[in-house]
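What follows is one structure encoded as structure tokens, with my remarks underneath.
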4 protein chains.
Amino acid sequence: MNRIKKKNTIIRTALKLFSDKGLHTTKISEIAKSLHISVGGIYEYFPSKQSLARASIQFVTQKLASELRYINQSDISCREKLCQFVEVYFHFIAHDPEMIAYFFRVYLSNREFFCEDKDCGFSLAEEFITELKILIEDGVNRGEFRRQNFYVSFSLISGILGAITFLHGEEVLEEDLNLYRKEIVDTIYAAMAA
Amino acid sequence: MNRIKKKNTIIRTALKLFSDKGLHTTKISEIAKSLHISVGGIYEYFPSKQSLARASIQFVTQKLASELRYINQSDISCREKLCQFVEVYFHFIAHDPEMIAYFFRVYLSNREFFCEDKDCGFSLAEEFITELKILIEDGVNRGEFRRQNFYVSFSLISGILGAITFLHGEEVLEEDLNLYRKEIVDTIYAAMAA
Amino acid sequence: MNRIKKKNTIIRTALKLFSDKGLHTTKISEIAKSLHISVGGIYEYFPSKQSLARASIQFVTQKLASELRYINQSDISCREKLCQFVEVYFHFIAHDPEMIAYFFRVYLSNREFFCEDKDCGFSLAEEFITELKILIEDGVNRGEFRRQNFYVSFSLISGILGAITFLHGEEVLEEDLNLYRKEIVDTIYAAMAA
Amino acid sequence: MNRIKKKNTIIRTALKLFSDKGLHTTKISEIAKSLHISVGGIYEYFPSKQSLARASIQFVTQKLASELRYINQSDISCREKLCQFVEVYFHFIAHDPEMIAYFFRVYLSNREFFCEDKDCGFSLAEEFITELKILIEDGVNRGEFRRQNFYVSFSLISGILGAITFLHGEEVLEEDLNLYRKEIVDTIYAAMAA
DNA sequence: CATGAATGAGTGTTCATTCAT
DNA sequence: GATGAATGAACACTCATTCAT
């Protein structure tokens, strides 16, 4: 297995454990054990716990961003793009829940830990945000969405998805997650439509 | 200062530090120093860090719930209630940002830490959720809101508020927070209106 | 209640708790609570935990010594004195077990704690030892006991009594304590008789 | 040095310090310093101070028991066995005084600390007691010792040895320890002989 | 005398990180 | 590269002692 692949394997495992047990509750030794490698093995690839956590959030946001970029580039209506995005998002929740959980529960809530010098901003999630911005502005320009403050639209989309993810993680939802999908798209669209 | 007042003073300070620096990054000794009392002083009132964290989230949710309960009981339209709720919420963000931050960034993201025996659910936030439920169901029953899944409405409201709070905390927003308020109410209402 | 009496009341309670739970495991606040007085109340009478522990061992050894002195002064054979001493000792175990336990389990085993400057010796138990010495030497002089090293005799008597006390405390003994008494006197006498 | 050896090295040092300074007075950091290793080093081998203390008493009683077992199995009179046992015991006092001191001063007097769940009994010393029981019963069966209650004999032997150990530790004895040995055997035998 | 809230040095324990093998 | 024993700074929590009331 080459270096990149191994790094990704470590990231995948870290992602899962950090999401399940929390950033500060997960020990490096647990990640190592989970991977059947030694503690030192982790440090061959990542110089510190922090750098592993940073690499993990970049891994997540790049995955999300690349999906969103793909959607943005297709030749469909913005309503349809929104719909596909939510679909992709729900697919992540179903198949890689730790990636979404990592974004919302670990990254957003432990920002101190991810800080490097002055770089405490959203930088690690920037790619993803950029794509969402493109989707929203595109919709406004095309006249599909009404013109409203970007941050409000952004909060709407990411907020509702984050919240439903949370409820899902807490096993509060009574029905299968997919049953909520259509209603969520409708809700978002109702709020944004011109 | 009596015991209750002193407990609340400690909670207020803990709230602020936990929100600013994170739950695990904030040391008991820092809370003590911030209060100009000794470490032991904290333990006079709270038997452990965990119990202080639990007391803090109860403090927050009770405050929020009592405001929301007051609104729910007034004789106004649900749109107006929603509007007032967002107003109250923004007031909290402006004047006690740590209370909101504590709810979203500390409590929701460090659930493990708040667990006591089996009691790991939402129990500490239940009062607040109940009031939001009443508001939503009331609107549906009156025909003001369209009938949609409660969890979707709940995610919409709490999600968008949580997200804008987050952006505010990150100092990403370019304008004064209140300028977003009206647009947020409109957005929520557009998504929920019958 | 005068000062002396109050001191003795405190000593009695400390004795009991120290014996039951150990010297380091018993907190001053527990002694206070047990006495229904305040922590400061203890410090009115004893300047420190150590001084309370020292006063307690003196209380115990003086009680034992005075009983032994009384026996030593009576006009009976040394065998009879021995017998009476064991009887008195068993009476203590039955009625004030904490006093004996304090001597063996607390004092002898936590000598560091009782040290004051250089005074780490037996000084706190000296009175008692002196009386035992008188009894033994008296028996030898009268020809009742065979002449043997004092420390051996001393170890014999205090050792067997200490050990049976321990077994009693551990609830290892199957019969009532008094049933062992006669056999113990016989054993000691067999070992010491001329 | 392999794991077992290292554990034993730690036990030996803990034994010495616990005996010299008391269980609660000896800090883990002192044991570490004494061994020229780090605090964490101790915890590599023992998960807690308590477990180190428990391992230590087991180390001691197994050593004593194995010596006594060896004697019990030889083909000699019980008087001779007793004599050899005392000899072995004195050898321990002379060469590994901390082992004996640990048994009498630390283990017997801090039983609370050694408790694990319900297992607070003599269990950690059981092997040793069993061997002593065999010796005594064997002597009675062979007609060498008079038939007397086991606990009385047990108290006699362990008591006198414990007491002389104590006097030795306190540096009260005026002569070399070995000079007391013969007299002690005689005393025990006089008390037990048929 | 009596109180009990407040103090803060001190303890057992954890865990990210290192480095000799 | 890989290992995992060793490190030691750091933390939550304790409790003997003090002192303002």
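Values in this document were obtained by computation on a predicted structure and should not be read as measured data. Chain letters run A, B, ... following the sequence lines, proteins first, then strands; residues in each count from 1.
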Hey, does F18(D) have a side-chain heavy atom less than 4.5 Å from the side chain of E98(D)?
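The answer is no; the side chains never approach within 4.5 Å.
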Answer yes if the ring centres of Y107(D) and F114(D) are under 6.0 angstrom apart, and no otherwise.
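Y107(D) vs F114(D): aromatic centres under 6.0 Å.
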Looking for any heavy atom pair under 4.0 Å, which part of the strands does R3(B) touch: base, sugar-phosphate only, or nothing?
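Counting heavy atoms under 4.0 Å across all strands, no contact is made by R3(B).
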Remember a base hit wins even if backbone is also touched, and classify F46(B) as base, sugar-phosphate or nothing at under 4.0 Å, heavy atoms.
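The answer is nothing, as F46(B) stays clear of every strand by at least 4.0 Å.
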Pairwise salt bridge (charged side-chain N to carboxylate O under 4.0 Å, His left out) hits with a residue in residues 23-42 of chain A, at least two apart
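Listed by first then second residue: K21(A)-E30(A).
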I need the full list of salt bridge (charged side-chain N to carboxylate O under 4.0 Å, His left out) pairs touching residues 2-12 of chain B, with sequence neighbours left out, sorted by first then second residue.
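For residues 2-12 of chain B: R12(B)-D96(B).
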Under 3.5 Å donor-acceptor pairs involving side-chain atoms of residues 40-47 of chain B, not counting sequence neighbours:
none

Of all nucleotides in DNA chain F with an atom under 4.0 Å from a non-hydrogen atom of chain C, which is the first and which the last going 5' to 3'?
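The contacted stretch runs from dC15(F) to dT18(F).
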Go through residues 21-44 of chain C and report each residue with a non-hydrogen atom lying under 4.0 Å from DNA chain F, sorted by number.
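When residues 21-44 of chain C is checked for heavy atoms under 4.0 Å from DNA chain F, the hits, listed by number, are T26(C), K27(C), I28(C), V39(C), Y43(C).
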If I take atom NZ in residue K6(C) and atom P in nucleotide dC1(E), what distance separates them, rounded to the nearest angstrom?
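From K6(C) NZ to dC1(E) P: 9 Å.
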N2(C) has an atom CG; how far is it from atom C1' of dC1(E), in whole Å?
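That distance rounds to 14 Å.
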Writing each nucleotide of DNA chain E 5' to 3' as (, ), [, ], | or . by Watson-Crick or G-U pairing under 3.5 Å yields .||||||||||||||||||||
